[in-house]
Amino acid sequence: MSTATRTTPLFSRNLRKQYPIAVRGEGCWIIDAEGRRYLDASGQAAVVSIGHGVQEIGLAMAEQSGRIAFAHTTQFHSEPAEKLADRVLAIAPKNFRSGGRVYFTSGGSEATETAIKLARQYFLEVKQPSRYRVLARKQSYHGSTLGAMSLSGNVARRAPYAPLIPEWGHVAPCFCYHCPFGKTFPECNLACADDLDSFLNANDASTVAAFLFEPVVGATLGAAPAADGYTARIADICRKHGILLIADEVMTGMGRTGKPFASEHWDLEPDIILTGKGIASGYAPLGAVIVAPRLVEAFEKGSATFMHGFTYQAHPVATAAGNAVFDYLDKHQLFAHVTPAGETLRKALAGLESHRHVGQVRGLGLLQGVEFVKDKATREPFPKEAGIAEKIRQAALEKNVLLYPGQGCVDGLRGDHVLLAPPFIIKPEECALIAESLHYAIEKVFSA
Ligand SMILES: Cc1ncc(COP(=O)(O)O)c(C=O)c1O
């Protein structure tokens, strides 16, 4: 039956929408059941790093599954999980390398949940039981489970669940294009970082366990990197108040921005790093919480037991996929490919910037965003109801290019962008196709 007329038994993301069936992937391309080919310019939400359809990943997973697919972590560890943890620690910022540990989850939201509980329990272990709140920033996204949602500052994604989620505190984002203080870098002297200090001074810092942030804000701000000096300032503020610093690198980790972890662009050494998405490039559901040695030591000297767990944590087949992806990244030196490929993409997009409704093209490596504004001089956004980002997505789809649209970068509601996060193997001619589809979409949407 054609996908256009079929009734799905799935509880879809949008019950009014018909979804094509993806049947095959080849590099940067996805092919549906009707044979239509789509260029995956967003890596399916910044997940796919090595490309689609790499046979050896499935073979490695089958091999592991044939040997042993599952053993519960209360009773066993597995070889692929131990091996992958070693490899992740070896590319993590230096402070993790001797004595750090990795807690594998089945995705980013579980990683955020784990970090919240780890931070809380750490302070129980070091006999500071008043500390439990985890602060985050406005206009951020950290996952869809309720703990992760309570940290997420993404207004639209939080709204329906407001009665269910605690508010521990959200401070200003670091977003120079729409500075929340109306200031300009560097004269601002990083007022956004100091907002964390002011918040802690005004809101009983002795109850705060951690501050969690995205070094490059992905889905919510459309690839907005921290300003230089920001991460060092917040690290100082966290140290001063005795709270943990957690970098959410679910989207930016595992090479996406041109370094293994985006924290490394600023030599940041957080206490915990969350990662996900690219760690298994979509071949298996996998996330990770990377824990610094001093936290591990506190647990070792204390209860030694983390009161937390998932049946499928550190899953042997998922971590086998992670190792096979790692092998592929190593064999083809794909981390090193991200910065030049990002530059090629950026050059291809350069022509967009002169358009009267393209406010900014921004990002790091292969995490790039294009923001659309109503008025380029004032940076005023379009009204939310105009649905610009979604219209751009739909128009680009006419050219068979898949984009990741987002709204709310200005104030949580207004502000339209599309996120580009193609696989690391993207070719110059595919970058050109992405740019062409955006030119087409912009002409179509803004001349309508
Ligand atoms: C920065 C960040 N944190 C956490 C998450 C949640 O990850 P997942 O959707 O795998 O649960 C996401 C997902 O987009 C993310 O971008």
Side-chain angles (χ1 to χ4, degrees), residues 13 42-49 103-119 134-158 161 165 170 173-175 210-226 231 245-257 261-263 268 270 272-290 310 312-313 315 318 321-322 325 363-369 402-409 417-421:
R13 293 230 175 192
S42 60
Q44 298 297 288
V47 170
V48 180
S49 56
Y103 192 107
F104 288 114
T105 62
S106 301
S109 302
E110 281 188 6
T112 305
E113 296 294 329
T114 302
I116 295 170
K117 290 167 81 175
L118 191 71
V134 180
L135 307 183
R137 302 190 304 185
K138 294 169 190 154
Q139 272 102 277
S140 60
Y141 182 62
H142 304 293
S144 62
T145 47
L146 290 176
M149 198 57 356
S150 71
L151 298 188
S152 298
N154 185 308
V155 173
R157 294 187 191 187
R158 278 174 78 87
Y161 308 107
I165 50 184
H170 287 89
C174 177
F175 188 22
F211 172 63
L212 182 147
F213 82 114
E214 295 167 81
V216 183
V217 184
T220 321
L221 294 187
T231 60
L245 178 56
I246 306 173
D248 180 349
E249 298 225 27
V250 168
M251 193 177 269
T252 55
M254 302 308 295
R256 170 64 54 198
T257 68
F261 293 94
S263 294
L268 179 67
I272 298 174
I273 293 182
L274 314 181
T275 195
K277 297 194 184 257
I279 191 167
S281 190
Y283 286 83
L286 189 62
V289 181
I290 314 170
F310 302 105
Y312 293 128
Q313 71 187 62
H315 193 278
V325 166
L364 271 180
L366 283 173
L367 188 64
Q368 300 282 331
L402 300 169
L403 304 176
Y404 182 178
Q407 251 196 335
C409 62
H417 68 260
V418 290
L419 196 63
L420 302 172

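Counting starts at 1 for both ligands and their atoms, following the listed order. Residue numbers start at 1 and run along the sequence shown.
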### Query
Taking the side chain as C-beta and beyond, is there a heavy-atom pair between His142 and Glu214 under 4.5 Å?
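Yes. Closest side-chain heavy atoms under 4.5 Å.
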
### Residues forming a ring pair (Phe, Tyr, Trp, His ring centres under 6.0 Å) with Tyr161, sequence neighbours excluded
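Ring pair (Phe, Tyr, Trp, His ring centres under 6.0 Å) check on Tyr161 returns nothing, list empty.
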
### Task
Looking only at non-hydrogen atoms, find the nearest pair between Lys138 and Pro173 and report the distance.
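Heavy atoms of Lys138 and Pro173 come nearest at O-CB, 3.6 Å.
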
### Message
If I compare all heavy atoms of Val216 with all of Ala262, which pair ends up nearest, and what's the gap?
### Response
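Looking at all heavy atoms of both residues, the shortest contact is CG2-CB, 4.2 Å.
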
### Task
Can you spot which of Asp248, Leu135, Leu245 makes a side-chain contact (heavy atoms from CB on, under 4.5 Å) with Phe213?
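Result for side-chain contact (heavy atoms from CB on, under 4.5 Å) with Phe213: Leu245.
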
### Query
Is the backbone of Glu249 close enough, under 3.5 Å, to the side chain of Thr275 for a donor and an acceptor to pair up by distance?
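A pair under 3.5 Å: yes.
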
### Task
Could you please provide the protein residues found below 4.0 Å of ligand 1 on a heavy-atom basis, arranged by chain and number?
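Protein residues near ligand 1 are Gly107, Gly108, Ser109, Tyr141, His142, Gly143, Glu214, Asp248, Val250, Met251, Lys277.
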
